[in-house]
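Report on the following structure.
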Protein chains: 2
Amino acid sequence: MVAQRAGVSPSTVSRILNGTAKVSDDKQALVRQVIDELGFRPDPTARSLAGGRTMSIGVLTQYIDSPFYGEALRGIEDVLHQAHYAPLFVSGHWNQEEERARLGLLQDRKVDGIIVLTGQLSDETLGEMARQLPIVVTGRQLSAPNLYSIDFDNLEGAGLAVRHLHALGHRNVAFISGPLDHPDAEQRLAGYRAELERRDMPVNDALVVYSDFQESGGFRAMTQLLDSRINFSAVIAANDQMAYGARLALHRAGLRVPDDISLVGFDDLPHSAFTLPPLTTVRQSVYEIGSSAAQAMLDLLSHKTPPAKLIAAEIIVRESTRICRR
Amino acid sequence: MVAQRAGVSPSTVSRILNGTAKVSDDKQALVRQVIDELGFRPDPTARSLAGGRTMSIGVLTQYIDSPFYGEALRGIEDVLHQAHYAPLFVSGHWNQEEERARLGLLQDRKVDGIIVLTGQLSDETLGEMARQLPIVVTGRQLSAPNLYSIDFDNLEGAGLAVRHLHALGHRNVAFISGPLDHPDAEQRLAGYRAELERRDMPVNDALVVYSDFQESGGFRAMTQLLDSRINFSAVIAANDQMAYGARLALHRAGLRVPDDISLVGFDDLPHSAFTLPPLTTVRQSVYEIGSSAAQAMLDLLSHKTPPAKLIAAEIIVRESTRICRR
DNA sequence: TTGTATGCGTTATCAT
DNA sequence: ATGATAACGCATACAA
């Protein structure tokens with residue numbers, strides 16, 4: 001510790017930096033002066049070894065370049081940074097083994113807590129981990145000590161889409177689902193079905209087709225729907241990316257949106273306001289789920305109980321939907 | 001070191017783990033066995049303090065959710081992970097001060113090297129930092145000891161776009177540029193101008209309009225171009241996002257793409273194959289710039305000289321361009 | 001080839 | 001209120 005050039009002991013300096021105990025004002029001032037004369041910066045590495053806290057939070061995402069979760073990462077980063085924590089991002093690639101491995105890496109690096117964005121780990125695994133360090137997880141609804149979960153209101157979101165279409169007079173509404181091992185996909189599909197029943201609209205398994213949340217998958221799904229010759233006047237895609245693909249497939253088939261078919265997406269990606277036609281879609285604040293998750297982590301870290309929270313959905317009506325004319 | 005339950009000294013274990021020196025095969029085997037009996041994992045935190053290496057590489061990006069740089073992050077992550085390094089991502093938000101601050105954070109955390117994705121720092125600043133630790137930077141062309149730069153061939157990329165349009169008979173080609181303090185923007189514009197001159201096409205400042213690399217900015221830029229009543233049959237946008245916005249503005253103005261106006265973008269974002277019409281665009285492998293940057297960092301770390309590299313561009317011809325019929 | 005001793009920069013536990 | 005000292009978990013220089 002170069003700062004004992006101030007003529008005091010290392011511990012005194014440490015106390016000043018951390019506010020651990022009272023230090024007389026004169027020494028306080030002296031040390032602070034020496035500190036910025038020398039441009040001294042405490043070494044987080046050593047701090048971790050000694051103090052046990054690394055001031056970093058592990059964040060398990062699936063793909064670091066996911067257009068969907070990207071905003072959540074930003075929310076996490078913003079909130080954490082204010083609290084002088086640094087996020088450590090790792091990717092699980094929707095693969096259980098990889099998720100496990102990366103989580104191990106995070107534990108090795110002694111992160112102070114872990115935020116898990118969805119993923120495929122079992123609730124038990126998460127519960128066990130929570131005994132080691134605080135966990136915040138999205139896309140689930142479970143609670144355990146030291147574990148906090150926060151989720152989108154996917155059910156409501158999908159319901160909103162159906163309601164909008166229903167109000168426009170649509171009755172036969174198809175659904176392009178994501179992969180069912182993906183919690184968001186499963187919930188969105190459930191929300192669609194529930195709302196259909198609530199409104200006495202036809203619930204028909206043939207109206208549901210499964211895909212992969214990608215543009216190309218949406219294209220294939222739409223093609224499949226068209227080929228099946230089933231009757232529908234509107235389609236809901238479980239995310240915007242698939243909606244883009246579906247929209248192109250419709251175009252290739254000579255069908256116009258929204259004149260022939262109404263289309264609604266899910267997520268409201270930045271691009272969606274600029275597609276042709278601009279896409280009607282369900283928006284959930286992905287940024288907010290990130291920032292709330294980070295805030296919850298901060299709460300957990302200071303032994304406060306974070307408030308329960310469900311991120312609201314809203315429907316953004318643009319030009320890809322219109323009154324059903326059949 | 002619990003592993004001295006194997007009856008050997010801590011140093012021996014350390015040697016085995018790091019391959020620092022020869023160890024007899026029998027002890028080798030014994031220790032390894034004890035290691036995974038105990039499920040022992042070396043603590044990176046302590047390793048850093050003692051060894052001086054943190055096995056982590058700082059990555060300065062601008063926005064963690066940038067649709068453009070996202071793939072680069074993935075490339076970095078993939079390569080680094082194989083070499084047992086972990087990336088530490090921080091965002092500069094296109095703001096010099098923030099970039100500086102975040103870089104400071106990285107240095108504090110004792111990263112072994114830093115990868116800078118573009119940004120606004122001066123070459124000098126970077127050069128100085130390179131005296132402290134290895135730096136890899138994209139979007140510049142500078143060389144200094146311990147500093148490696150890698151870049152897209154933006155000039156060639158823009159040239160490719162012009163050449164494609166020229167071959168289709170277009171002569172009056174407008175250009176929607178990004179902000180000029182952005183290196184990529186500046187180079188792409190220069191490439192456009194150079195190719196125009198090379199082919200004796202009209203170089204007219206009124207054909208160039210400046211924007212912000214966002215969809216909304218592309219919309220405004222296109223509107224501005226249309227309002228100016230200048231004559232052009234094709235437009236190049238300096239990135240795909242602005243092309244999307246421009247495309248919508250064209251539609252609002254009752255102009256068809258490609259029938260009335262040809263449009264080419266830049267970046268080939270995943271969405272671009274699914275827009276209406278699918279977008280002709282210049283592709284550069286962003287993933288590759290990430291992976292190459294990471295590889296270069298690894299080379300620097302092992303005191304090898306990374307090969308000079310310029311990431312090639314190619315034009316992806318889809319349906320937003322066609323023969324000029326004026 | 002292997003063991004011993006020392007140090008990395010800080011926090012924490014004692015004393016004082 | 002402050003200082004001395006141990007400890008964090010490993011790497012490394014040196015000795016054997």
Side-chain angles (χ1 to χ4, degrees), chain A residues 1-36 38-56 84-86 104-112 132-133 301, chain B residues 1-36 38-56 84-86 104-112 132-133 301:
Chain A
M1 272 235 261
V2 254
Q4 52 190 107
R5 152 169 167 179
V8 303
S9 80
S11 8
T12 305
V13 177
S14 174
R15 289 193 245 272
I16 296 184
L17 257 39
N18 301 294
T20 319
K22 292 285 108 194
V23 173
S24 68
D25 289 358
D26 45 340
K27 304 218 175 211
Q28 183 103 353
L30 173 62
V31 171
R32 289 205 182 285
Q33 184 186 335
V34 175
I35 280 182
D36 53 46
L38 270 53
F40 168 81
R41 324 262 293 197
D43 178 347
T45 308
R47 265 167 127 102
S48 319
L49 225 211
R53 302 191 326 166
T54 56
M55 294 305 280
S56 61
H84 305 289
Y85 276 86
L105 188 153
L106 291 179
Q107 304 228 45
D108 286 348
R109 297 225 166 209
K110 301 276 187 295
V111 294
D112 297 334
Q132 320 270 347
L133 75 181
L301 252 17
Chain B
M1 273 234 259
V2 252
Q4 54 189 105
R5 154 167 166 177
V8 302
S9 80
S11 19
T12 305
V13 177
S14 174
R15 289 192 245 276
I16 295 183
L17 257 40
N18 301 296
T20 318
K22 291 286 108 194
V23 174
S24 68
D25 290 359
D26 45 338
K27 304 217 176 215
Q28 184 103 355
L30 173 62
V31 170
R32 290 204 182 284
Q33 184 187 335
V34 175
I35 282 182
D36 51 48
L38 270 54
F40 170 79
R41 326 259 295 191
D43 178 346
T45 308
R47 264 167 128 104
S48 319
L49 226 209
R53 304 190 324 166
T54 56
M55 293 306 280
S56 61
H84 304 290
Y85 275 87
L105 189 153
L106 292 179
Q107 305 228 46
D108 286 349
R109 295 225 166 209
K110 299 274 184 299
V111 294
D112 297 334
Q132 319 270 349
L133 75 180
L301 252 17

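A note on names: the letters A, B, ... follow the listed sequences, proteins ahead of strands, and every chain is numbered from 1. These values consider heavy atoms only, across backbone and side chains, with no hydrogens, waters or symmetry-generated copies.
- Ranking D:dG9, D:dA4, C:dG3 by closeness to the B:Thr12 side chain, first place goes to C:dG3.
- Nearest nucleotide to the A:Ser11 side chain, out of D:dG3, D:dC10, C:dT2: D:dG3.
- Position along DNA chain C of the nearest nucleotide to B:Ala21 versus B:Gly51 favours B:Ala21 as the more 5'-ward residue.
- Each of A:Thr20 and B:Ala50 was matched to the nucleotide of DNA chain C holding its nearest heavy atom; the match closer to the 5' end belongs to B:Ala50.
- Each of C:dT10, D:dC10, C:dT2 was ranked by its minimum atom distance to the side chain of A:Pro42; first place goes to C:dT10.
- In the set C:dT1, C:dT10, D:dA1, the nucleotide with an atom closest to the side chain of B:Lys22 is C:dT1.
- Out of C:dG3, C:dT10, D:dT2, the shortest distance to the side chain of B:Lys27 is found at C:dG3.
- The local environment of CG in B:Asp25 is sparse, with at most 12 non-hydrogen atoms from other residues, nucleotides or ligands closer than 6.0 Å.
- Of the listed nucleotides (C:dG3, C:dT10, D:dA11), C:dT10 has the atom at the smallest distance from the side chain of A:Ala46.
- Separating the OG1 atom in A:Thr45 from the CZ atom in B:Arg109 is a distance of 8.5 Å, to the nearest 0.5 Å.
- Look at B:Arg47 and you won't find any side-chain N or O under 4.0 angstrom from OP1 or OP2 of D:dC10.
- Phosphate proximity of C:dT11 to A:Ser14: present, with a side-chain N or O under 4.0 Å from OP1 or OP2.
- Within the 4.5 Å cutoff, the side chain of A:Phe40 has heavy atoms near those of the A:Leu17 side chain.
- Atom OG of B:Ser48 is separated from atom CE of B:Met55 by 9.5 Å, given to the nearest 0.5 angstrom.
- The separation between B:Met55 atom CE and D:dA11 atom C1' is 14 Å, rounded to whole Å.
- With C:dC8, C:dT10, D:dC8 as the choices, the nucleotide that has an atom nearest any side-chain atom of A:Leu49 turns out to be D:dC8.
- B:Ser24 has a side-chain polar atom (N or O) that falls below the 4.0 Å cut-off from OP1 or OP2 of C:dT2.
- Salt bridge status for B:Arg53 with B:Asp112: absent, with no side-chain N to carboxylate O gap under 4.0 Å.
- Residue A:Arg15 places its side chain closer to D:dG3 than to any other of C:dG3, D:dG3, D:dG9.
- When each of D:dA11, D:dT2, D:dT5 is scored by its nearest atom to the side-chain atoms of B:Asn18, the top-ranked nucleotide is D:dA11.
- Residue-level contact check: A:Arg41 touches the backbone only, with heavy atoms under 4.0 Å from sugar-phosphate atoms and none from bases.
- In this structure, CZ of A:Arg53 is placed 9 Å from P of C:dA12, rounded to the nearest angstrom.
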